[in-house]
Number of protein chains: 2
Amino acid sequence: MNNIPELEILFELADVFKVFGDSTRLRILYTLFDGERSVGEIAEALGMEHSTISHQLRVLRTNKLVKIRRDGKQIYYSLDDDHVKKIIEMGLDHVLE
Amino acid sequence: MNNIPELEILFELADVFKVFGDSTRLRILYTLFDGERSVGEIAEALGMEHSTISHQLRVLRTNKLVKIRRDGKQIYYSLDDDHVKKIIEMGLDHVLE
DNA sequence: TGAACATATGAATAACTGTTCATATGTTAA
DNA sequence: TTAACATATGAACAGTTATTCATATGTTCA
């Protein structure tokens, strides 16, 4: 696959990687590796403000990396895509040499 | 692999994805998919300033995504790592649904 | 040595991004 | 309806980043 994608696609591709390029979002995604979690659970697990987590979850959701399920007052987030784990593990391989 | 990596590793991981999260750098990497290219060749292929390309090549090199070979006045850049293509293709899979 | 070329670097600027604080929306149970 | 809770949103701020311009380094050939 040596064809260079359309510029439009390249911008989208860069956008996807940008989403992975923040440690808070990576930590959120790792938290979801074990299964769905509510906003409060994630915030507590990471020791961060609910508001921060909520903002970042929106970024993840806009980019279709996570999906939601409402259950009463809570909203449960989970990974939306099989690629998510694979992309992160590829990146980790690179970091670990 | 559900263990969350050390925070230190997570920061490095985020840094790696940040490098992929820019369309200019992605275009440079794609240009190198076919083999090594000089700075001037890359700049011309992308229609951008040599200086811009040089700055971005340094980012790519610092993060060990490309390596160099000097030949006379030119410096030839090439992909340093098999992961590079794989990571990009994984991301592309996600973008293309 | 010098001129011409290829690449790198530093400073400056504009645009973008993550977090916080304050406030709003939406849900449940009384 | 109200109170209490869970989550979302908007504005503001500080920090980061990509590009440009100007200049420097390094290489070749005469």
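Convention: sequence-line order gives letters A, B, ...; per-chain numbering from 1.
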Original post:
Of all the choices, dT19(D), dT7(D), dT20(C), which nucleotide is nearest to the side chain of Thr52(A) once you look at every atom?
Top reply: dT20(C)

Original post:
His83(B) vs His94(A) aromatic rings, parallel, tilted or perpendicular, using cut-offs 30° and 60°?
Top reply: perpendicular

Original post:
Quick one: Leu46(A) CG to dG18(C) P, roughly how many Å, whole number?
Top reply: 15 Å

Subject >> Straight-line distance of Asp71(B) CG to Ser38(B) OG, nearest 0.5 Å >> reply: 10.0 Å

Subject >> Length of the CD1-C1' vector between Ile68(B) and dG26(D), whole Å >> reply: 12 Å

Original post:
Can you find a side chain N or O atom of Ser51(B) that sits less than 4.0 Å from OP1 or OP2 on dT20(D)?
Top reply: no

Original post:
When the aromatic ring centroids of Phe33(A) and Tyr30(A) are compared, is their separation below 6.0 Å?
Top reply: yes

**OP:** Take atom CD1 of Ile75(B) and atom P of dA6(C), then tell me their distance rounded to the nearest Å.
**Re:** 12 Å

Subject >> Passing candidate, side-chain contact (heavy atoms from CB on, under 4.5 Å) with Tyr77(B), options Arg37(B), Arg69(B), Arg61(B) >> reply: Arg61(B)

Subject >> Short side-chain N/O contact from Gln74(A) to OP1 or OP2 of dT27(C), under 4.0 Å >> reply: no

**OP:** Examine dA8(C): is either OP1 or OP2 under 4.0 Å from a nitrogen or oxygen in the side chain of Arg58(B)? Give yes or no.
**Re:** no

**OP:** Return the value, rounded to whole Å, for the distance between atom CZ of Phe17(B) and atom P of dT17(C).
**Re:** 18 Å

Subject >> Among dT19(D), dT19(C), dA8(D), the one nearest Ser54(A) by side-chain distance >> reply: dA8(D)

Subject >> Value in whole Å for how far the P atom of dT19(C) lies from CD1 of Ile28(A) >> reply: 8 Å

Original post:
What nucleotide among dT17(C), dT19(C), dA8(C) has an atom nearest to a side-chain atom of Val39(B)?
Top reply: dA8(C)

**OP:** Verify the contact: side-chain N or O of Tyr77(B) to OP1 or OP2 of dA8(C), cut-off strictly under 4.0 Å; return yes or no.
**Re:** yes

Original post:
In whole angstroms, how far is the P atom of dA18(D) from the CZ atom of Arg27(B)?
Top reply: 15 Å

Subject >> First encountered from the 5' end of DNA chain C, between Gly21(A) and Asp71(A) >> reply: Gly21(A)

**OP:** Take atom CZ of Phe11(A) and atom C1' of dA18(D), then tell me their distance rounded to the nearest Å.
**Re:** 12 Å

**OP:** Compare the aromatic ring of His55(B) with the six-membered base ring of dT19(D) and state whether they stack according to the 5.5 Å and 30° rule.
**Re:** no

Subject >> Leu10(B)/Leu13(B) under side chain to side chain contact (heavy atoms under 4.5 Å, CB included): CA gap, chis, key distance, verdict >> reply: CA-CA 5 Å; Leu10(B) 272 177; Leu13(B) 187 53; 4.3 Å; yes

Subject >> Residue whose nearest DNA chain C nucleotide is more 5′ - Met48(A) or Gly72(A) >> reply: Met48(A)

Original post:
Over how many whole Å does the gap from Lys18(A) atom NZ to dA15(C) atom C1' extend?
Top reply: 11 Å

**OP:** Select base, sugar-phosphate, or nothing to describe what Arg25(A) touches, counting heavy atoms under 4.0 Å on all strands.
**Re:** sugar-phosphate

**OP:** Return the nearest nucleotide to the side chain of Arg70(B); candidates are dC21(C), dT17(C), dG26(D).
**Re:** dG26(D)

